[in-house]
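Take a look at the structure below.
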Amino acid sequence: MKRNTWQKFLNWLASLSSKEGTTVKFSPREELVISSSLLFIPAAFFWGLIYFFLGENRSGLIPFSYSFFLGITIFVFLRTRKLNILSSSHQFLTLILPFFLQLSLGGFVSSSAVILWTFTSPLTALLTNKLKVAIRWFVAFILILILGGIVDPYFARANDIPTKINLILFVMNILAVLGISFTLLLYMVNQKNSANKLLAREQRKSDTLLLNILPQEIAEILKNENRLVADAYPEVSILFADLVGFTQLSEHLSPIEMVELLNEVYSNFDRLVEEFGLEKIRTIGDNYMVGAGVPVERPDHAHALAKMALGIREFIAAFPPVNGQQLQFRIGLNSGPVVAGVVGKKKFQYDVWGDMVNVASRMESQGVPGKIQVSRRTYDLIARDFVFEERGVIEVKGKGEMETWFLVGEKIENKKIVDARNR
């Protein structure tokens, strides 16, 4: 029977035990117990027919009674959903009845080693119960074998089954026990593989979600090490971008429209972050923060961030008007040392701290709409490769007077060299 057909049959059985109007499915453990029980019922019934056909009517009643009682316990389970009753009954009947069948047929040899069936008792217990429970059933299996060996001389007799038939039954007992054992193990392996695939899929989702929150290097540290994540970086560049007139714009747009607008804009910013190998630090409302040189140091941190700033300006310039107005961003850049790390135990985030970050924020907040303002430190790092417009000295809150520049674009000669390298 194909697995999907068998699964449909199990689902139908589960529906018999569900209340009207509800959908119930068996758990993996319930499926395994039910499947093993249903596997044993026809096998025992078939063996009973064989013994009746061979004239051993009393012996034939034993596997028939096994099928009958096991069928009753399945019915009780479907009515009560008490799995322990079905599981314990199955293991008890499988352990005891082959022993009595051996005695009724005249011992080990005359019964064609029918006691081998008792091995399926600890096996099903191992697959469907806790390890301690399975060990108890295995000990019971050993004791039954020992008891069978002790009493065998007292029950040994020659029955009416011909020697050749007895040999065939011996082979059939071995094949049947091994076949059922292999089938149960195969079923368990399939269940395990399905669970592992589901676990791997959920793990990938979890990793993807984690990487959307943290840099990959930091995520790996948090997954594999139990330590505080905090490092000092001597050379880093930070960019802040802020939507001009956000408050006024939000008054004319519904909350959903505002979120959709920010999502579209920031999704394109995210694309630029990925394109230039940068690290998005956070977004707060209409404010977007990016770092270069954290958590992986790079010598071209200021160059990479300047290119992203130009990319933002180019994207915003081509963006269609919203509510009749063209979007504008103020962008600020600064470079220098920072401390970066993860804060919090719950809802944690990767962040950067330092005076340099404050200056980068001031470069944005005290900038000009539609322009990219950079500090002296950033200007000195990239002046050879980019075109600037000198703004002059401005009063920066908390820092006093500072000399700043507006980033205009990348120098044509340098851009040609970069484009040639990328071809």
Side-chain angles (χ1 to χ4, degrees), residues 1 3 6-48 60-102 114-145 147-148 176-177 179-192 194-195:
M1 186 181 295
R3 174 168 172 74
W6 182 251
Q7 191 65 53
K8 289 179 181 178
F9 175 69
L10 291 176
N11 291 340
W12 174 76
L13 280 181
S15 68
L16 297 180
S17 63
S18 63
K19 296 180 180 179
E20 187 176 353
T22 61
T23 301
V24 178
K25 288 187 177 182
F26 292 135
S27 67
R29 180 168 174 253
E30 288 176 330
E31 281 192 7
L32 190 54
V33 175
I34 284 284
S35 298
S36 62
S37 299
L38 293 174
L39 198 63
F40 275 78
I41 288 177
F45 190 80
F46 176 72
W47 248 252
L61 287 174
I62 294 176
F64 275 158
S65 63
Y66 174 89
S67 297
F68 175 76
F69 286 117
L70 196 55
I72 295 255
T73 57
I74 291 176
F75 176 78
V76 171
F77 165 73
L78 292 176
R79 301 295 294 178
T80 64
R81 293 303 289 264
K82 293 182 179 179
L83 186 62
N84 288 337
I85 295 177
L86 175 59
S87 180
S88 299
S89 300
H90 181 187
Q91 286 142 23
F92 179 77
L93 292 172
T94 309
L95 184 73
I96 295 298
L97 294 185
F99 170 74
F100 287 112
L101 184 57
Q102 171 184 297
V114 74
I115 203 170
L116 287 174
W117 285 88
T118 58
F119 172 71
T120 60
S121 175
L123 177 62
T124 54
L126 181 63
L127 299 181
T128 60
N129 290 281
K130 294 180 180 178
L131 183 59
K132 289 183 178 180
V133 177
I135 291 175
R136 293 171 190 161
W137 285 106
F138 183 75
V139 171
F141 160 71
I142 296 296
L143 293 176
I144 282 290
L145 284 181
L147 180 61
V177 171
I180 288 179
S181 299
F182 179 79
T183 301
L184 291 175
L185 289 171
L186 183 63
Y187 189 89
M188 185 197 69
V189 169
N190 285 334
Q191 291 282 356
K192 181 181 178 182
S194 298

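- Ile41 contributes atom CD1, which lies 8.5 Å from atom NE2 of His90 (distance to the nearest 0.5 angstrom).
- Between Ile115 atom CD1 and Leu95 atom CG the span is 8.5 Å, to the nearest 0.5 Å.
- The two residues Ser67 and Ala44 come nearest to each other via the heavy atoms OG-CB, 3.4 Å.
- How far CG of Leu78 is from CZ of Phe75: 8.0 Å, rounded to the nearest 0.5 Å.
- Taking CZ of Phe77 as the reference point, atom CG of Asn84 lies at 10.0 Å (rounded to 0.5 Å).
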query = Going through the distances and angles, do Val133 and Leu126 end up as a side chain to side chain contact (heavy atoms under 4.5 Å, CB included)?
reply = CA-CA 8 Å; Val133 177; Leu126 181 63; over 6 Å; no
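- Inter-residue side-chain proximity for Thr94 and Leu70 is flagged as unmet; no heavy-atom pair is nearer than 4.5 Å.
- By the 4.5 Å heavy-atom criterion applied to side chains, Leu86 and Ile34 are counted as neighbours.
- Partner of Trp117 under the ring-ring contact (aromatic ring centres under 6.0 Å, His included) criterion, out of Trp47, Tyr66, Phe99: Trp47 alone.
- Judged by distance alone, the side chain of Ser88 and the main-chain N or O of Ile85 form no donor-acceptor pair under 3.5 Å.
- Separating the CG atom in Leu97 from the CG atom in Leu61 is a distance of 11.5 Å, to the nearest 0.5 Å.
- Listed by chain and number, the residues in a side chain to side chain donor-acceptor pair (under 3.5 Å) with Thr73 amount to none (sequence neighbours excluded).
- Residues satisfying the ring-ring contact (aromatic ring centres under 6.0 Å, His included) test with Phe46, not counting sequence neighbours, are none.
- Ser65 contributes a side-chain N or O that, together with a main-chain N or O of Ile62, makes up a donor-acceptor pair within less than 3.5 Å.
- Summarising the geometry, atom CZ belonging to Phe69 is positioned 14.0 Å from atom CZ belonging to Phe64; distances are rounded to the nearest 0.5 Å.
- Using a 4.5 Å heavy-atom threshold, the side chains of Trp137 and Ser121 count as touching.
- At distances below 3.5 Å, at least one donor-acceptor pair connects side-chain atoms of Thr124 with backbone N or O atoms of Thr120.
- Under a cut-off of 6.0 angstrom, the local environment of CZ in Phe92 is sparse, with at most 12 non-hydrogen atoms contributed by other residues, nucleotides or ligands.
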request  = Let me see the working for Ile180 and Leu123 under side chain to side chain contact (heavy atoms under 4.5 Å, CB included), right down to the final yes or no.
outcome  = CA-CA 10 Å; Ile180 288 179; Leu123 177 62; over 6 Å; no
